[in-house]
Participant: 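One structure is given below, represented as C-alpha cells, and several questions about it will come after.
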Amino acid sequence: MRTYMTDETRPEEGRTPSSEEPTQQQERPEFRPAQDGGWGDPSGRSGDTAILGSPSGSSYGDPGPGYGDAGSSYGDSRPGYGDSGPSYGDSRPGYGAAPGYGGVPGGGVPGGGVPSGGQSAMPGSMPGGMPGSMSGPLPPPPQRALGMGPGWAPPPPAHTGASASGRGAPATGVLVALAVIISLVAGGIGSVGTYLLTRDSSGTDPSYTLGPIPTGATSRPPESIAGVAARVLPSVVSLEVGNGTRTEGATGSGFLIKGGYIVTNNHVVEMAASGGEIKILYNNRQTTGGRIVGRDPGSDLAVVKPEQTFGTPEIPLGNSDQIVVGDTVIAIGSPLGLTGTVTTGIVSSLNRPVVAGQESARQPEDVAYISAIQTDAAINPGNSGGPLVNVNGEVVGVNSAIATLGRSASAEGGNIGLGFAIPSNQARRVAEELIKYGKAKKPRIGIVLDPEYNGQGVRIATTPEQGRQPVEAGGPAAKAGLKPGDVILEVDGLRLQNSEELIALIRSKTPGSKITIKYQRDGQEKTATLTVMGEEDPAASPSPS
C-alpha cells in the first residue's frame, strides 16, 4: 500500500440513469351476492309465502287432527274447540296434544308432531308428548273467554313454533345482523363497481395529492455537524494552480487564517513556485489571484497571500495535542473539484508515519515525513490543504494524503477510508515561520541513522554518511550521551517501528521542546532527555539530523 498526495486535475463526471421495473397489478377480488331464504307467513295460512305450514291451509302439522286442520281443534272456523269429540285435538281419550286445549301446533311436540297425518301424541302421554298417563274426564273449556266467539282461534306462538324440518325461527337480532351484513357487502360491491367504471385506464388521477410540504425551522444546533459546517465553510477556499504554460495544473484546498493568509499543502502550490499562477475560489463563488509567501517541503505546508478576501471570516486553529482516537472530526475541501464538500468521521489513529511525495521529489529534502492524524472521514484528491476540524469548528489538522491501492504514483485512487492530516500544532509553527521568514526551521537532534538496520527500533549509524558523523558534535543527541550504534527504542513512550516513524516524530516537534527517549546499548536499556533544535537551512538528506 502506498500513500499519495491528494491534489488532482478535475476528472470528467458521468451519471448512469436509474431504471424502474413495472409493478404487477394485483387481481381484483371476485364478489358474489349472498343467498338468503324467505320467511313464511307467521300465521300459518296457506299461500306461496308459507314455509312453516302446509299448502292446504293447515299450520304446524299435516292435515290430520291437531292444530291447523280444517275442522280440528284451534283451526276450525266454526264455533267450538275442534271436532265433536270431547277431546281437545284428537278423538281418542287423553290429552295427547301440547298444553292449552288443543296442544302445541303440529301435534304436541315442536316441529310438527308425529308424521302420521297430524295425529296428536301417543295415547296416554302427558301434555306436550311427555310419557305418562292421566285418567278421568277432561276439564271443560273456559266459559266466555275474552275474544272467544264465532271464528275465533288464537294465533300460533311467535317464537316457540317450529318448521316441519325441526329448525327454529331465527331471532330478531339475527335478522338485524344479517341485514347489516347484506347492506355492507352490497355497499362494498357498489364501491368496487363504481371504481372499476370510473377509474382512468392510464393510471393517472387528477385529484391525487401528497399533501402540503411540512414546515419547520431549518436552524441546527451550533455543536451539530451541520452547525459546525455552516461556520467553517465560508473560510475554506479552492485553489487552481498552473505552471504558467497552461500545459499542467493542479487543484487543492486551503483555509483562511489570521491576517488574511491561506494555509495549504506545499504539493498543491509548488507548480506555481517557478512563475506559475494561483486562482483562489471562495465559498461565495468570488475569485481572486494569489502568490506564495513561503513553503516547507519537509512538512508539506505552504502559505499563500490572496489579492482579496471579500470579507471572508478567519478560521481558528485548535490544539492537536488534545485530540484522542475516537473524536469526531469533519473534513472540508474540494475533492475531485467539487467545492465546498463536507465529510465526517472520527480520528482512527494518531502519530501515523506518512512519507509523501518521495517518487516525485526533485531533491531529498522535498520528501515530506508526517506524523499524521489518521481519519476515516472521506478524503479524496482535491482535499489536500483543506482543514480537518473538531466539533468546536477549530482546525486540528491539514488534510494532506490518502492511502490508495494503486500500484504507482500515477495510478490515482479514491477514498478507501484512510486519510491523513498534518497536526495543527505543527501547521501553526510552520505557518508562523513562513509568514515571518519565508521558510521554516527543520527540527533535528543531530544524528544519522543506519539504513541497513532491520531490528527492533532504529539504530544510529556506526560510520560517517555523506561526510557527516553518526552523532553530531555538540548536538542534542551528543549532549544527552548517545553514541554511534545505540538503538533508539521509544520516543515519549511511543514504541518505534522504523526510521521513518522517528523522522516524522522529530519533525513534528517545535524547536526548543524536550523529548524523552529510551535506547539500548550493549543489551542494556537506558533513558535520556533531548532538547530539539532547529536548522536554518534544509538538510542534505531526509533525516532528523
Participant: Starting at CD of Q456, measure out to CG of N498 and round the result to the nearest 0.5 Å.
Facilitator: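 Those atoms lie 12.5 Å apart.
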Participant: When rounded to the nearest 0.5 angstrom, what distance separates CG in L336 from OG1 in T341?
Facilitator: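 Taking CG in L336 and OG1 in T341, the distance rounds to 8.0 Å.
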Participant: Does the side chain of Q286 pick up a donor-acceptor pair with the side chain of N284 at under 3.5 Å?
Facilitator: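 Short answer, yes.
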Participant: Of the non-hydrogen atoms in I315 and G393, which two are nearest, and what is the gap between them?
Facilitator: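 Closest approach of I315 to G393: CG1-O, 3.9 Å.
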Participant: For the residue pair Q374 and S348, confirm or rule out a side-chain donor-acceptor distance under 3.5 Å.
Facilitator: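 Short answer, yes.
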Participant: Determine whether a donor-acceptor pair (N or O, by modelled atom type, separation under 3.5 Å) exists between the side chain of T264 and the backbone of S253.
Facilitator: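 Answer holds: yes.
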Participant: Do T287 and K279 come close enough that some side-chain heavy atom pair is under 4.5 Å?
Facilitator: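 They are in side-chain contact.
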Participant: Testing the basics here: between I373 and P423, what is the closest heavy-atom pair and its distance to 0.1 Å?
Facilitator: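 Looking at all heavy atoms of both residues, the shortest contact is CD1-CA, 4.0 Å.
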Participant: Go through the steps for K509 and D492 under the test side chain to side chain contact (heavy atoms under 4.5 Å, CB included), then give the verdict.
Facilitator: CA-CA 12 Å; K509 303 299 181 180; D492 289 337; 3.5 Å; yes
Participant: Looking at G227, is its backbone amide N or carbonyl O close enough to the side chain of S224 to form a donor-acceptor pair, meaning the two atoms are under 3.5 Å apart?
Facilitator: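 Indeed, once roles are kept as given, a pair shorter than 3.5 Å links the two residues.
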Participant: Go through L489 and V487 one step at a time and tell me if the side chain to side chain contact (heavy atoms under 4.5 Å, CB included) criterion holds.
Facilitator: CA-CA 6 Å; L489 301 175; V487 177; 3.9 Å; yes
Participant: Are V237 and L239 side-chain neighbours, meaning at least one heavy-atom pair lies under 4.5 Å?
Facilitator: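 Yes. Closest side-chain heavy atoms under 4.5 Å.
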Participant: Heavy atoms only: give me the nearest G318-R428 pair and the separation to one decimal.
Facilitator: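 For G318 versus R428, the nearest heavy atoms are O-NH2, 3.8 Å.
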Participant: Any non-hydrogen side-chain atom of N266 less than 4.5 Å from a side-chain atom of D296?
Facilitator: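 Side-chain contact under 4.5 Å: no.
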Participant: Quick one: OG1 on T516 to CG on L494, what's the gap to the nearest 0.5 Å?
Facilitator: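 Going from OG1 on T516 over to CG on L494, the span is 13.0 Å.
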Participant: Side chains of T288 and F310: does their closest heavy-atom pair fall under 4.5 Å?
Facilitator: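 Yes; the side chains approach each other to less than 4.5 Å.
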Participant: For the CG atom of D300 and the OG atom of S400, what is their distance to the nearest 0.5 Å?
Facilitator: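 If we round to the nearest 0.5 Å, D300:CG and S400:OG are 4.0 Å apart.
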Participant: Main chain of P222, side chain of R231: is a donor-acceptor contact present, judged purely on distance under 3.5 Å?
Facilitator: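 At least one qualifying donor-acceptor pair exists.
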Participant: Within the side chain of R468, is there an N or O that forms a donor-acceptor pair under 3.5 Å with the backbone of V448?
Facilitator: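 Absent.
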Participant: Indicate yes or no: at least one non-hydrogen side-chain atom of R507 is less than 4.5 angstrom from one of K442.
Facilitator: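 The answer is yes, as the side chains (C-beta and beyond) meet within the 4.5 Å cut-off.
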Participant: Taking atom CG of N380 and atom OG of S334, what is their separation to the nearest 0.5 Å?
Facilitator: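 It comes to 12.0 Å.
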Participant: From the options V232, V342, V329, T328, select the one residue that forms a side chain to side chain contact (heavy atoms under 4.5 Å, CB included) with V389.
Facilitator: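 Passing option: V232.
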Participant: Check A331 against N399 and note the closest heavy-atom contact, atom names and distance.
Facilitator: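 Shortest heavy-atom contact: CB-ND2, 3.8 Å.
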Participant: Do the side chain of D376 and the main chain of I346 share a donor and acceptor less than 3.5 angstrom apart?
Facilitator: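 Pair found, side chain donor or acceptor close to backbone of I346.
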Participant: Do V303 and I257 come close enough that some side-chain heavy atom pair is under 4.5 Å?
Facilitator: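 V303 vs I257: side chains apart.
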Participant: Given side chains that start at C-beta, do those of N319 and N425 come closer than 4.5 Å, heavy atoms only?
Facilitator: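 Result yes, sub-4.5 Å side-chain heavy-atom pair found.
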Participant: Between S235 (side chain only) and F255 (backbone N and O only), is there a donor and an acceptor less than 3.5 Å apart?
Facilitator: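 No; judged by distance alone, with no hydrogens or angles, the pair does not exist.
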Participant: Which heavy atom of I292 sits nearest to which heavy atom of A272, and what is that distance?
Facilitator: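 Residues I292 and A272, closest heavy atoms: CD1-C, 4.1 Å.
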Participant: Side chains of I447 and I488: closer than 4.5 Å at any heavy-atom pair?
Facilitator: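 In short, these two side chains touch, coming nearer than 4.5 Å.
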Participant: Assess whether a salt bridge exists between E433 and R429, defined as any Lys/Arg side-chain N lying under 4.0 Å from an Asp/Glu carboxylate O.
Facilitator: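 Yes, this pair counts.
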Participant: For the atom pair CD1 (I332) and CD1 (I379), what is the distance rounded to the nearest 0.5 Å?
Facilitator: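 Going from CD1 on I332 over to CD1 on I379, the span is 11.5 Å.
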Participant: Where is the tightest heavy-atom contact between G254 and I262, given as atom of each residue plus distance?
Facilitator: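 Where G254 meets I262 most closely, the heavy atoms are CA-CG2, 4.1 Å.
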Participant: Verify the neighbour count for atom NZ of K305: are there more than 12 heavy atoms of other residues, nucleotides or ligands below 6.0 Å?
Facilitator: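 More than 12 heavy atoms, drawn from other residues, nucleotides or ligands, come within 6.0 Å of this atom.
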Participant: Evaluate the side chain to side chain contact (heavy atoms under 4.5 Å, CB included) criterion for residues L496 and L505: first the C-alpha distance (whole Å), next the side-chain angles of each, then the deciding distance (0.1 Å), finally the verdict.
Facilitator: CA-CA 10 Å; L496 298 177; L505 282 172; 3.8 Å; yes
Participant: Check the pair V236, N283 against side chain to side chain contact (heavy atoms under 4.5 Å, CB included), reporting the backbone distance first and the verdict last.
Facilitator: CA-CA 7 Å; V236 182; N283 189 63; over 6 Å; no
